[in-house]
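Below you'll find the structure, written out as structure tokens, and then a few comments.
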2 protein chains.
Amino acid sequence: MGRHNRSRYTILACLSVRPMSGYDVKQFLDGTIAHFWNESYGQIYPTLKALAAAGLVEGRDDEGDGRGRRVYTLTPAGLAELRRWLAEPPEPDVPRYEMSLKLFFSDQLPVETTLEHLRGHRARHAAMLDGYRAREAELRARLAGSPRLPYWLAVLGGGIRYAEMVVEWCDATIASIEGLVADAYPAPPSAPVTDRPA
Amino acid sequence: MGRHNRSRYTILACLSVRPMSGYDVKQFLDGTIAHFWNESYGQIYPTLKALAAAGLVEGRDDEGDGRGRRVYTLTPAGLAELRRWLAEPPEPDVPRYEMSLKLFFSDQLPVETTLEHLRGHRARHAAMLDGYRAREAELRARLAGSPRLPYWLAVLGGGIRYAEMVVEWCDATIASIEGLVADAYPAPPSAPVTDRPA
DNA sequence: CAGCGCATGTAAGATGTTACATGATTCA
DNA sequence: TGAATCATGTAACATCTTACATGCGCTG
């Protein structure tokens, strides 16, 4: 496994919060940082096995529970390895934004189609924004006094700022693209053309 | 090849701008949308061959030039396929932000290390911002009158807003994390503790 | 007893990067 | 002539998603 296996470190990091099963790891990620990081079961289960083989985590069958849960705990070596990785400067991400990619080549498309894409994009991010704001209040209450609170709030603050920025960008872009139609058809056919200032 | 092969459509889209070789495609992407989309040669060359085999592009050896360039042109079928894909609503991206991931688990790290990460992150985005702003002026001049200009400006505007947002977020987060140190050590040992308002 | 949520896992294939190999041309 | 840039490509590996298979326990 290469040095840059971020799934590996993500899973290790989850276990630094509390011991978890593979299922728990997925639930935890989906419930906290799903908007900018996710892992599939296809990654999680094999990775947990590999981490156990490397001595970085320890798995125990949870026998208090009839459902065959296997709960993993960070070992001291695992915690050290996690901290080593966290201390390395984060590498710049090159994310892929499909909305921007399509927009970049949208001279190949009717203006109205592009506008629909942008409206959908705006709606999705506006909805996310609502969710983030609700979570902020909930986090402050649930994690009051925890050393993790300031970090979780900072990350959530990034999500909020990002969604706000996207909504604002969509509005500006929609307005500018609508302007293109107005330029192409200065006056609608149903309205008589009258004097217009140049 | 699955329906969601975005590299495939990205390359097709590049050829809608003008005929290009594999090398050109890479240069073009790196010179325009590298901040949110990139492709490696390992993807580009095989994909071009596959597109040619599918009849979506046509490759010709550039013989005016001694350097064995192979230039690809979009076929009518290729253009139709590109437009079909562009018209589909863009799928929501789930990017991976390593900075945010590390920050989320940074209670495992000395505060000073986290601050260094954030300062580096800020510097990178501030530098990008300068680059984007320079490119904006250049774009307006070079693409004046082109139907592509509004789209390219909109995409660049997204990059600018994103970088501004990150810089602002870094400043806010750095301030809040520095506050943690101040809380932990209300007064430095070398300075005598005096009255402080609660 | 049906369906949902809990829970674990594998196999196949899609996707993507990196390192390497090769050779021409251009410019200092 | 040596280095940088132009130019193409492959092989190996790493990564990741999707679909599938399986079965328990709880609730209505």
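Every chain is numbered from 1, with letters handed out A, B, ... down the list of sequences.
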In whole angstroms, how far is the [atom2] atom of [N] from the [atom1] atom of [X]?
X	N	atom1	atom2	value
R8(A)	dC13(D)	CZ	C1'	16 Å
M20(A)	dT8(C)	CE	C1'	17 Å
L48(A)	dT10(C)	CG	P	12 Å
E91(B)	dA14(C)	CD	P	16 Å
Y45(A)	dT10(C)	OH	P	11 Å
D61(A)	dC24(D)	CG	C1'	15 Å
D24(A)	dT8(C)	CG	C1'	12 Å
I44(A)	dT10(C)	CD1	P	14 Å

> Taking the six-membered ring where the residue is Trp, are the ring centres of H35(A) and Y132(A) under 6.0 Å apart?
Replying inline: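 Between H35(A) and Y132(A), the centre distance is under 6.0 Å.
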> Is the distance between the ring centroids of H121(B) and H125(B) under 6.0 Å?
Replying inline: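 So the answer is yes for these two rings.
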>> So, OP1 or OP2 of dT8(C): does either fall under 4.0 Å of a side-chain N or O from Y23(A)?
In response: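 Looking at the OP1 and OP2 atoms of dT8(C), neither is under 4.0 Å from any side-chain N or O of Y23(A).
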> OP1 or OP2 of dG9(D) sitting under 4.0 Å from any side-chain N/O of K26(B)?
Replying inline: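 Answer no for this pair, as no side-chain N or O of K26(B) is under 4.0 Å from OP1 or OP2.
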[Y] versus [X], side-chain donor and acceptor atoms under 3.5 Å:
X	Y	answer
S7(A)	E39(A)	yes
T10(A)	W37(A)	yes
R70(A)	Y45(A)	no

Review item, nucleotides 16-19 of chain C N/O atoms under 3.5 Å of protein N/O:
| unit_1 | atom_1 | unit_2 | atom_2 | d |
| --- | --- | --- | --- | --- |
| dG16(C) | OP1 | R96(A) | NH1 | 2.2 |
| dG16(C) | OP2 | S7(B) | OG | 2.8 |
| dG16(C) | OP2 | Q43(B) | NE2 | 3.2 |
| dG16(C) | N7 | Q43(B) | OE1 | 3.3 |
| dT17(C) | OP1 | N38(B) | OD1 | 3.4 |
| dT17(C) | OP2 | S40(B) | OG | 3.3 |

>> When you measure from the side chain of K102(A) to the backbone of E88(B), do you find a donor-acceptor pair of N or O atoms at a distance under 3.5 Å?
In response: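 Pair found, side chain donor or acceptor close to backbone of E88(B).
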